[in-house]
Amino acid sequence: MPKNITDHSNLCLHTMTTKPWSLREAIDGYEKAGVPGITVWRQHLEPYGPEEAGKMLRGSGLHVVSLCRGGFFPADTAEGRQANIDDNRKAVDEAVAIGAPLIVLVCGAVPGMPLVEGRKQILDGIAKVLPYAAAANVKLAIEPLHPMYADSRSAVNTLAQANDMVEALASPFLGVTVDVYHLWWDPDLANQIARAGNTIFSFHLCDWRTPTRDILNDRGLMGEGCINLREIRGWVEAQGFSGYDEVEIFSTEYWAGDQAAFVERIKAAYLKHC
Ligand code: ZN
């Protein structure tokens with residue numbers, strides 16, 4: 001087991017965790033709460049535009065950990081696939097504008113498209129974006145998604161599949177994101193985290209509620225569910241990972257409440273359960 005967490009110096013929040021807050025409110029709210037890291041979702045960037053958002057972030061004391069999310073590569077037509085590649089290049093430009101060193105890739109899937117074909121298109125798409133990202137000094141991280149999202153959100157569903165892609169493209173600018181919500185069930189997880197080694201670029205935290213009332217927007221606060229959070233953090237840190245612990249909670253329930261109070265609950269749960 002890793003060392004207990006005793007302060008919030010390594011804590012990062014995703015703007016989606018406090019979805020009702022605008023980027024301005026999130027920046028102010030995290031700073032007030034003493035949360036040092038922020039991962040910015042593109043939908044929170046959009047109302048300001050990347051230049052203005054970049055100014056706001058640089059003017060704050062926050063550390064921009066990553067931009068979420070790029071990806072969604074597969075499409076039924078060549079035009080569709082090209083549009084997706086163009087959108088990912090745009091995400092690279094946005095990352096540069098806000099000072100994000102990393103873009104997290106939710107790789108995409110098309111309902112009805114065989115998953116093997118989806119993964120081929122994903123690998124091809126990443127290969128086409130990677131030189132553009134590398135030239136901009138922005139890293140890309142493949143985030144495998146839980147298999148319940150294999151129909152429409154990602155054909156990459158295990159860390160083994162993500163590791164295969166990272167090895168195939170062999171670039172210092174390509175790695176993986178370990179998200180406990182998506183990967184905790186995998187009997188091969190410890191081995192695959194060891195295999196990923198120093199290509200682990202980011203680490204996402206929340207918990208798995210039983211029962212899960214909604215497959216998208218019912219993630220639990222850490223400690224509310226069944227995920228072996230501390231053990232998985234130990235596996236990740238054993239690889240030399242020293243990045244932020246990023247709390248990413250999609251929750252209709254928590255979004256309905258007071259966001260500043262929710263941030264305080266996250267801070268307490270982080271110390272107690274992670
Ligand atoms: Zn995640």
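Note that the structure is predicted; figures quoted are calculated from it, not measured. We count ligands from 1, going down the list as the structure has it; atoms in each ligand are counted the same way. Residue numbers count from 1 along this sequence.
Among residues two or more places apart in sequence or in another chain, the side chain to side chain contact (heavy atoms under 4.5 Å, CB included) test is passed with Thr210 by Trp208, Cys226.
Taking the six-membered ring where tryptophan is involved, the planes of Tyr244 and His63 are tilted, since the angle between them lies from 30° to 60°.
Under 2.8 Å from the Zn ion (ligand 1) lies an N/O/S atom of Asp179, whether from backbone or side chain. At a cut-off of 2.8 Å, His204 is counted among the residues with an N, O or S atom near the Zn ion (ligand 1).
Using a 4.0 Å cut-off between charged nitrogen and carboxylate oxygen, Arg219 and Asp179 count as a salt-bridge pair.
Environment of CD in Glu264: crowded, with over 12 heavy atoms of neighbouring residues, nucleotides or ligands closer than 6.0 Å.
The name of the N, O or S atom in Glu143 nearest to the Zn ion (ligand 1) is OE2. As for Glu248, its N/O/S atom nearest the Zn ion (ligand 1) is the one called OE1.
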